[in-house]
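By convention here, the first residue in the shown sequence is residue 1.
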Amino acid sequence: IKTKQCLYLFRHIWANKENKEILTTKQIIKIINDPEFSDLKDLMLTGGEMYMRDDIPEIIAEAYKVNPNTRIWTSTNGLLHEKILKCAEISAKSGITVNYGISLDGVGDRHDKRRRMPGNFLTIDKYLIPGLKKLQLKYPNTITITIGMCLDEYGMEGFEDLKNYTDGIDVPMVGQMIEDFDYYLPEIKRKRKEDEFEN
């Protein structure tokens, strides 16, 4: 999605048909270098799961080279914690500030149930967040962490527990209003047809 103020690079690959039109590193770098983005305020790398790509540090470095004032954000489900931490250290060593948005839909099994991924919350809680906090200390002013949750009916039921959790680990939390979670289901399980999502 391209505007003069913000660029979102999506990688919506999980739970759907194989997408053969995924942008290459070269194509993304060309987009970032488009003169229209010379004063880009925000770059959001989101998905799916962006960290399935191997070129995240390269994309971040290019965005920083084009405009060091661009705020860079990544969004992750946290499962690839070792890869995320490796990428975070590469960017941090270069002095590039990146915000790591981590998706949580509740605490413990509540999150894992929503994501259909046993152990996902534990991976975030025991490895990803502590790892990012350690890098914050090693490379000051290069890493920020935010917990993001979907504020649908399921999310609202666990809101207080998640808020207490994020307060306890001293990480800010943001919510995203979402009317229908079908978007995150495999196409075969969706109740709505693709052309109904706009409504």
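Within the 4.5 Å cutoff, the side chain of His81 has no heavy atoms near those of the Ile124 side chain. Residues Tyr51 and Ile56 form a side-chain contact, since some pair of their non-hydrogen atoms from C-beta on lies under 4.5 Å apart. Put simply, the side chain of Ile147 does not reach to within 4.5 Å of the side chain of Val174, judged on heavy atoms. Residues Met149 and Gln176 are not in side-chain contact: their nearest non-hydrogen atoms beyond the backbone lie 4.5 Å or more apart. Residues Leu162 and Met173 have side chains in contact (heavy-atom distance under 4.5 Å, counting atoms from C-beta outward). Between Ile29 and Asp55, every side-chain heavy-atom pair lies at or beyond the 4.5 Å cut-off. Looking only at side-chain heavy atoms (C-beta outward), Ile31 and Asp34 stay at 4.5 Å or farther from each other.
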Exercise for review: Determine, step by step, whether Asp105 and Arg115 satisfy the salt bridge (charged side-chain N to carboxylate O under 4.0 Å, His left out) criterion, reporting the C-alpha distance in whole Å, the side-chain angles of both residues, the deciding distance to 0.1 Å, and the verdict.
Suggested key: CA-CA 8 Å; Asp105 298 302; Arg115 295 290 169 145; 2.6 Å; yes
Ile102 and Thr146: CA distance, side-chain angles, deciding distance, side-chain contact (heavy atoms from CB on, under 4.5 Å) verdict: CA-CA 6 Å; Ile102 303 167; Thr146 305; over 6 Å; no
Determine, step by step, whether Asp42 and Trp73 satisfy the side-chain contact (heavy atoms from CB on, under 4.5 Å) criterion, reporting the C-alpha distance in whole Å, the side-chain angles of both residues, the deciding distance to 0.1 Å, and the verdict. CA-CA 8 Å; Asp42 293 286; Trp73 308 77; 3.0 Å; yes
Would Glu58 and Thr25 count as a side chain to side chain donor-acceptor pair (under 3.5 Å) here? Give the steps. CA-CA 8 Å; Glu58 189 177 346; Thr25 306; 4.9 Å; no
What verdict does the ring pair (Phe, Tyr, Trp, His ring centres under 6.0 Å) test give for Phe121 and Tyr165, after you've listed the backbone C-alpha separation in whole Å, the side-chain angles of each residue and the deciding distance to 0.1 Å? CA-CA 12 Å; Phe121 179 83; Tyr165 168 76; 5.2 Å; yes
Checking side-chain contact (heavy atoms from CB on, under 4.5 Å) for the pair Leu85/Leu132: CA distance, chi angles, key distance, verdict? CA-CA 7 Å; Leu85 294 172; Leu132 288 171; 3.9 Å; yes
Discussion item. If you apply the rule side-chain contact (heavy atoms from CB on, under 4.5 Å), what do you find for Ile22 with Arg53, and how did you get there?
Written reply: CA-CA 10 Å; Ile22 293 170; Arg53 297 185 65 110; 3.6 Å; yes
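Using modelled atom types, one side-chain atom of Tyr154 and one backbone atom of Arg110 make a donor-acceptor pair closer than 3.5 Å. Looking only at distances, no side-chain donor or acceptor of Asp161 sits under 3.5 Å from a matching main-chain atom of Val107. No side-chain donor-acceptor contact under 3.5 Å links Glu62 to the backbone of Ile59.
The line from CG of Asn77 to CG of Leu128 is 9.5 Å long, rounded to the nearest 0.5 Å. A distance of 14.5 Å separates CG in Asn141 from CD1 in Ile96, rounded to the nearest 0.5 Å. Asn69 CG to Asp39 CG: the interatomic distance, rounded to the nearest 0.5 Å, is 9.0 Å. Rounded to the nearest 0.5 angstrom, Thr74 OG1 and Glu49 CD are separated by 8.5 Å. Note that CD1 of Ile72 and CG of Leu43 are 6.0 Å apart. Values are rounded to the nearest 0.5 Å.
One finds a salt bridge joining Lys83 and Asp54 here, because a Lys/Arg side-chain nitrogen approaches an Asp/Glu carboxylate oxygen to under 4.0 Å. With salt bridges taken as basic N to acidic carboxylate O contacts below 4.0 Å, one links Asp152 and Arg114. Between Lys163 and Asp167 there is a salt bridge, since a side-chain N of the basic residue sits under 4.0 Å from a carboxylate O of the acidic one.
The nearest pair of heavy atoms linking Gly78 to Asn120 is C-ND2, 4.5 Å. Nearest heavy-atom pair, Ile143 versus Ala92, reported as atom, atom and distance to 0.1 Å: CD1-CB, 4.3 Å. In this structure, Val171 and Ile145 approach most closely via the heavy-atom pair CG1-O, 3.6 Å.
Ile129 is not connected to Leu122 by any chain of hydrophobic side-chain contacts under 4.5 Å among Ile, Leu, Val, Met, Phe, Trp and Tyr, and they are in different clusters. Transitive grouping of hydrophobic side chains (ILVMFWY, heavy atoms separated by less than 4.5 Å) brings Val66 and Leu23 into a common cluster. Tracing side-chain contacts under 4.5 Å through hydrophobic residues (I, L, V, M, F, W, Y), one never reaches Leu79 starting from Met52; they form parts of separate clusters. Under the 4.5 Å side-chain contact rule for hydrophobic residues, Leu135 and Tyr127 do not share a cluster. When hydrophobic clusters are built by joining Ile, Leu, Val, Met, Phe, Trp and Tyr residues whose side-chain heavy atoms come closer than 4.5 Å, directly or via intermediates, Leu80 is not grouped with Met117.
Remark: the Ser75 side chain and the Tyr100 side chain contain no N/O donor-acceptor pair separated by less than 3.5 Å. Donor-acceptor pairing under 3.5 Å is recorded for the side chains of Glu89 and Tyr139. There is no side-chain donor-acceptor pair under 3.5 Å between Asn67 and Ser38.
Dense packing is recorded around NZ of Lys133, with more than 12 heavy atoms of other residues, nucleotides or ligands lying under 6.0 Å away. The neighbour count for Glu157 CD, taken as heavy atoms of other residues, nucleotides or ligands under 6.0 Å away, is above 12.
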